[in-house]
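What's counted below: heavy atoms across the whole structure, side chains too, no hydrogens, waters or symmetry copies.
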Amino acid sequence: MKADSWKISKVFSSGGEVHYIMPHFQRQYSWEKTEWEVLLKDAIAIYEEYDPEKETEHFIGSLVVINDGTRGTITAFKLVDGQQRLTTLSLLFLVLRDIIKPTDPKLANKINKFVVNSDEEGEGEIYFKLLPTNKYGDRQAYQTIILGEKTNQTESGIPKAYDYFYHDIESKVKESELDIGRFFTVLQNCFQVVFIELNKNESPYHIFESLNAKGKPLTQPDLVRNYMAMMLPTSQQETAFTKWEKIEKLLQEERKVGKSGMGELTAFIRHYLAMETRNLCAESHIYARFRDHCKKLDDQEFLLEIANLLKFAEYYNKLLRPDTEVNQDIKTALIRLNTFDLSTAYPFLLMLYDEYNSQKNNFEEFIECLKLLENYLVRRHICAKPTNSLTRMFPSLWKDVEAMKNEDEEITLPEALQKVLITKEYPNDNDVRQSINSHKLYDKKNPKKMVLVIDTINRHLSKGTGGFTVLDQSATIEHILPQTPREDWKNDLGDEFKQIYRDYLHTLGNLTLVTSEWNIELSNSQFWVKKPKLAEHALRINSDYFSQPINRWDDKAILERANFLSNKFIEIWPSLGEHEAFPTPTSGKPKLIKICGEEIALSKQTSRQVTIQCCEWVIQNRSDSFEKARKLLKPNFRDNRPDRNSEGKKWQQLSNGYWVNLQKSSDGHKEFCRRFLEAVGISETDWSIEYVKD
């Protein structure tokens, strides 16, 4: 590797000939106003203090290149890192050229030689000293500006950068605050880079990882793309990046996935790795985990991995956009599942999709599995189960299902999935009834889940009739007892009003579906006004129930309707079964712990060893969550060595440096492990202790 300080004039060969080639891994032009402002502000500041006798040096980062031979007489470099800076500087030169051209064509021509190889005009790409990638129309937009042609509508950010610089610099020129010739001199002589030239035998991707230039940080997919380019020989990059560009077209980083807010491509790689490794890594670790996953592959295996990524990206696109699925039943099932924040289940669903497409499981089994997942998610939502544990549960769910099938080779995939799901904090019928009676299920910020539940019950009421009624506008949730009741409601319910309003307003028994128009019309009306209108409503969930004699809408009436809806709910989403928790003996010595299907044998059959191994398992498998759990159980940990004489035996140092308190009873150790594992998203049903009799 050679590293030298180069002026920008030398980078552009002082108006001579040079050609920078963009490797396949390079991303689109991604600098925005924040980066443009910094660059221009720095340039103006240097311009204002410029002294030709003592030129200021201003480093703007590094350029990393690999010599790629010659194109005729022109030296070509493959640009590994620095394309954002080089592209932006080129746009600055183009702005200076275009502003000065009407008044000083000679200077404009001199500036133009910093962006084109003048002797190669008409010879294709070699004419341009630098060309961005084709992504998002960057190359076409850049060429259009250089050639002085009209810019077409484009997704590229290059015209925006050009316009930003043009507007700012032109205004300064008009106000006589800036001289184009002097400013051009400042850019080419004062701005400098560290020019790093690698030879083809080095490991440039390792160097790339360690660069810390003044530029926009690379995203995790950028790093993955870069790793691909650095791992594959040039002859095989065309094949790999043709597939990668298809992935980028399917899954665009500008669109976000679920509550995580991650870009689609970032989220896909994360979920793909979770499917492969059974562990969901942090966003900041995606590239590192991908590198670990692929580092032992040879070139051909690596190409197969990229092809596999494309295949799963196509599945992922269907999960995100069910309308792209041609099968209507699968499409409907996915649309319904997406209502319940399905993204946590994507690692499992990717595997399920692949099994179906490779014909390892048939269509009926695939649909049945989707229905089982809906049953699981809907019941958990109705019972207000926390969702944080699902991000840990779903990546390992396929492994659990396979283990279940291995125990009983006669059962089908849906049967195995059902058996596993009921061990994952699955609500029984009693849980469902209690929750429908008492839980506040209305969510103003995200009403779609309850709309789906109520709408499904409505359709179920027409089962066997050959059809069902739907609303002619989007459904909205109507509170029968209003959210802002008038005095007549309060007078009608009397002393019971406050308690009924507090306990039952947002429960399912008080909710129904109407259109926005009906919602406004019903508004805060008294029950005797609402009831006849609901009895005449097109939806059977309204007309069937409110045609009955109901004199007063109080807690008794709300609970009676809740019971009616509970029965229908359980008919639609029947219980998958009851799970018996592992018995916990009160005597004997612990011999092993099971956590998420992994067995950890205890070298010493003591309760202290249970706590130690529990902590070590979390350090190895849930390291991202260890700190959160430690803070929640802070008195049990310390970060410094205890006094050996007074406390030494009470504490044990863990592999990550923390010390854990071992001064507990047998039950105390079990309770600590329960709370500690729960804090990292592992429920009681996902771990156990096995004992041997004394």
Side-chain angles (χ1 to χ4, degrees), residues 8-9 11-22 26 28-33 35-36 39-40 43-44 47 71-72 74 76 79 83-188 191:
I8 291 302
S9 59
V11 172
F12 288 99
S13 196
S14 300
E17 296 181 329
V18 70
H19 185 57
Y20 292 98
I21 302 162
M22 296 292 177
Q26 289 286 18
Q28 74 276 12
Y29 183 72
S30 60
W31 271 21
E32 296 174 336
K33 186 178 178 181
E35 290 81 25
W36 306 333
L39 184 68
L40 188 55
I44 296 296
Y47 170 84
R71 306 293 188 272
I74 298 176
L79 189 58
Q83 68 130 337
Q84 304 291 333
R85 287 179 292 284
L86 219 51
T87 303
T88 306
L89 283 168
S90 297
L91 291 172
L92 255 179
F93 290 142
L94 287 167
V95 166
L96 300 182
R97 179 200 71 176
D98 293 346
I99 292 175
I100 201 64
K101 190 173 184 179
T103 58
D104 191 345
K106 185 177 179 180
L107 176 56
N109 185 55
K110 183 179 179 181
I111 298 172
N112 195 53
K113 289 182 179 180
F114 271 65
V115 293
V116 300
N117 295 311
S118 303
D119 294 340
E120 303 297 330
E121 188 170 4
E123 297 300 318
E125 292 184 356
I126 197 66
Y127 174 61
F128 305 93
K129 289 194 173 181
L130 173 142
L131 275 180
T133 68
N134 281 313
K135 297 180 179 70
Y136 295 92
D138 282 352
R139 178 170 297 183
Q140 183 179 8
Y142 183 77
Q143 287 177 306
T144 297
I145 293 171
I146 286 183
L147 299 174
E149 299 173 351
K150 184 178 179 181
T151 304
N152 298 320
Q153 188 173 358
T154 178
E155 292 182 81
S156 172
I158 283 177
K160 295 176 184 176
Y162 175 87
D163 291 344
Y164 172 83
F165 289 130
Y166 194 101
H167 174 78
D168 202 297
I169 292 173
E170 184 185 41
S171 66
K172 285 180 169 59
V173 170
K174 286 181 178 179
E175 296 295 326
S176 299
E177 296 176 3
L178 187 142
D179 177 80
I180 294 290
R182 180 185 173 93
F183 191 58
F184 176 54
T185 300
V186 167
L187 289 178
Q188 59 172 311
F191 271 35

Worksheet item: More than 12 non-hydrogen atoms from neighbouring residues, nucleotides or ligands closer than 6.0 Å to CD on Q153, yes or no?
Response: no

Worksheet entry | CD/Q140: more than 12 non-hydrogen atoms of other groups inside 6.0 Å | no

Taking the side chain as every heavy atom from C-beta outward, state whether [X] and [Y] have any atom pair closer than 4.5 Å.
| X | Y | value |
| --- | --- | --- |
| Y162 | D98 | yes |
| Y127 | L147 | yes |
| F12 | L86 | yes |
| Y164 | L91 | no |
| I111 | I180 | yes |
| M22 | Q83 | yes |

Worksheet entry | Residues forming a side-chain contact (heavy atoms from CB on, under 4.5 Å) with S156, sequence neighbours excluded | D138, A141, T154, I158, P159

How long is the gap from [atom1] on [X] to [atom2] on [Y], to the nearest 0.5 Å?
| X | Y | atom1 | atom2 | answer |
| --- | --- | --- | --- | --- |
| F93 | K113 | CZ | NZ | 15.0 Å |
| I100 | E170 | CD1 | CD | 11.5 Å |
| E149 | T144 | CD | OG1 | 5.5 Å |
| W36 | D163 | CH2 | CG | 8.5 Å |
| L130 | T87 | CG | OG1 | 4.5 Å |
| K106 | N109 | NZ | CG | 10.0 Å |

Fill in: N112: side chain to side chain donor-acceptor pair (under 3.5 Å) partners, not counting sequence neighbours
R97

Discussion item. According to side chain to side chain donor-acceptor pair (under 3.5 Å), who are the partners of K101, at least two apart in sequence or on a separate chain?
Written reply: none

Report all side-chain donor-acceptor pairs from residues 114-123 shorter than 3.5 Å, counting only partners two or more places apart or in another chain.
residue	atom	partner	partner atom	Å
N117	OD1	V18	N	3.1
N117	ND2	V18	O	3.0
N117	ND2	I126	O	2.9

Worksheet item: Hey, is the main chain of P132 close enough, under 3.5 Å, to the side chain of R139 for a donor-acceptor pair?
Response: yes

Worksheet item: Under 3.5 Å, side chain of Q84 to main-chain N/O of Q28, donor-acceptor pair present?
Response: yes

For residues 172-179, please give each side-chain donor-acceptor pair under 3.5 Å, one per line with the distance, not counting sequence neighbours.
residue	atom	partner	partner atom	Å
K172	NZ	D168	OD1	2.6
D179	OD2	G181	N	3.3
D179	OD2	R182	N	2.9

Worksheet entry | Cationic N near anionic O, under 4.0 Å, R71 to E17 | no

Worksheet item: Using the benzene-type ring in the case of Trp, are the ring centres of Y29 and Y142 under 6.0 Å apart?
Response: no

Worksheet entry | Residues forming a salt bridge (charged side-chain N to carboxylate O under 4.0 Å, His left out) with E155, sequence neighbours excluded | none

Discussion item. If you apply the rule side-chain contact (heavy atoms from CB on, under 4.5 Å), what do you find for I99 with F165, and how did you get there?
Written reply: CA-CA 11 Å; I99 292 175; F165 289 130; over 6 Å; no

Worksheet item: Run the side-chain contact (heavy atoms from CB on, under 4.5 Å) check on L96 and L187 step by step: do they pass?
Response: CA-CA 11 Å; L96 300 182; L187 289 178; 3.8 Å; yes

